Amino acid sequence: MTEKTQAGPVLLVGSPEDIHVDVVARRLGEEGVEAFVLDSLAFPEKTRVSLSDDLEGITVDGRPVGRPGAVYVRQFHGHPLAMGVDVSEDMEDDWRTTLVVFREKATLLKGLMGRWEALGVPLYNGPSSDWRTPKPTQLALLKAAGLPVPRTLWTNDAEAVRRFAAGQRVAYKPVTGGAATKELFAEDLTDERLGSLDAAPVTFQELLPGEDIRVYVLDGEIIASLRITSSALDFRQNEERVEQVELPAEVARQCVKAAEVLGLRWTGMDLKRGADGVLKFLELNASAMFLGFDARAGSDILGHLARTLARAARG
Ligand code: ADP
Ligand code: MG
Ligand code: MG
């Protein structure tokens, strides 16, 4: 083999059984670039990771990967609640040890990402954006940068909720995401209902009644913008329509800026139109799924992502 300047392979962090990891790996292969999967679901049971005290001293399954060409971070499987993880038996058996195992695993993987970041490896996405991505941080940062976000309150204070809800339609949802958004009604403002805030804080937000928009930004460029139409009364998935839309120049500029503010090289963001007609940022996802959107809207988010990773790997 002739020697050439190549930094590869592209490292994929996640489970090979995750369809996004699988498909990105195969597409990279078609681009003539090797994809190497750090199977984070099988770590530490099967996947072997060794880090020495040298920044580049990184071995995964016996292979030195000190400087991959690029890294696609799909998932760490670093928590018992993470998607694809099923440890209910281990948790029932010995929850404390199980939690310790996850904490050890997550710390090592985060430490590994930090090294690649320090080495200048292009990470999609890297740990430098971690502190900015929790929604209470990201929305406030976006607003501070002059971008439109819905009025929002994250709280476990019942009185604060009553004050916030006065005179406006309000939606509520988990702080982390992953559960349905509901409208807050007068009957939710009783002492009894709001007493559940003793158990966990909740997101309360200006209810945005308008259209749902999903935008993908990769390395500072919009690679797909989609409109999702679903009837609120009928939420069967096949009632949902996804189509590509052209964004007004101002909104496109805002989306690129939002990704930059949060330090995300790669993101799928949710926007929704308010009663005042303004499209507002609901969130930027650091590891957005995209295959469903490609399939339904005919976009090529996969192609863009794979070509970008391949280009980085070719150096
Ligand atoms: P997740 O991280 O769970 O995806 P989002 O903030 O994106 O959280 O909310 C999920 C969906 O719920 C949004 O795409 C939107 O359709 C709906 N939604 C969220 N917040 C509001 C809101 N303030 N008003 C109306 N609908 C909302
Ligand atoms: Mg969302
Ligand atoms: Mg989300």
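Both ligands and their constituent atoms are indexed starting at 1 by order of listing. This is a predicted model, so every value here is computed, not measured.
Among all non-hydrogen protein atoms, the one lying nearest atom 1 (P) of ligand 1 is E283 OE2, 3.3 Å. For atom 2 (O) of ligand 1, the closest heavy atom belonging to the protein is K135 NZ, 2.8 Å. L282 CD1, 3.6 Å is the protein heavy atom nearest to atom 13 (C) of ligand 1. Nearest to atom 15 (C) of ligand 1 among the protein's heavy atoms is D212 OD1, 3.5 Å.
Considering backbone and side-chain atoms together, G178 places an N or O closer than 3.5 Å to an N or O of ligand 1. Here's the thing with L207: none of its N/O atoms is less than 3.5 angstrom from an N/O atom of ligand 1. When only interatomic distances are considered, the shortest N/O to N/O separation between K272 and ligand 1 does not fall below 3.5 Å.
Around CD of E250, the count of heavy atoms belonging to other residues, nucleotides or ligands within 6.0 Å exceeds 12. Residue K143 qualifies as open at atom NZ: its count of foreign heavy atoms under 6.0 Å is 12 or below. The 12-atom threshold is not exceeded at CD of E221, counting heavy atoms of other residues, nucleotides or ligands nearer than 6.0 Å. Enclosure of atom CE in M289 is not indicated, since only 12 or fewer non-hydrogen atoms of other residues, nucleotides or ligands lie within 6.0 angstrom.
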**Request:** Please report the C-alpha distance between Y216 and C255 in whole Å, then the side-chain angles of each, then the deciding distance to 0.1 Å, and finally whether the side-chain contact (heavy atoms from CB on, under 4.5 Å) criterion is met.
**Result:** CA-CA 9 Å; Y216 288 85; C255 291; over 6 Å; no
**Request:** Please step through ring pair (Phe, Tyr, Trp, His ring centres under 6.0 Å) for the pair W266 and F290, ending with a clear verdict.
**Result:** CA-CA 12 Å; W266 148 249; F290 52 88; 5.6 Å; yes
**Asked** Could you walk me through whether Q244 and R227 pass the side-chain hydrogen bond (donor to acceptor under 3.5 Å, both in side chains) check?
**Response** CA-CA 6 Å; Q244 299 192 58; R227 181 195 290 125; over 6 Å; no
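With T181, T203, L284 as candidates, the residue nearest to atom 18 (N) of ligand 1 on a non-hydrogen basis is T181.
Restricting E283 to its N, O or S atoms, the one at the least distance from the Mg ion (ligand 2) is OE2. Within D270, the N/O/S atom positioned nearest the Mg ion (ligand 2) carries the name OD2.
A donor-acceptor pair under 3.5 Å links the side-chain atoms of S40 to the main chain of Q75, judged by distance alone.
Contacts of D270 with ligand 1, taken as heavy-atom pairs under 4.0 Å, involve the side chain alone.
Proximity of P150 to ligand 1 is not established, as no heavy-atom distance is less than 4.0 Å. Every heavy atom of R214 sits 4.0 Å or more from the atoms of ligand 1.
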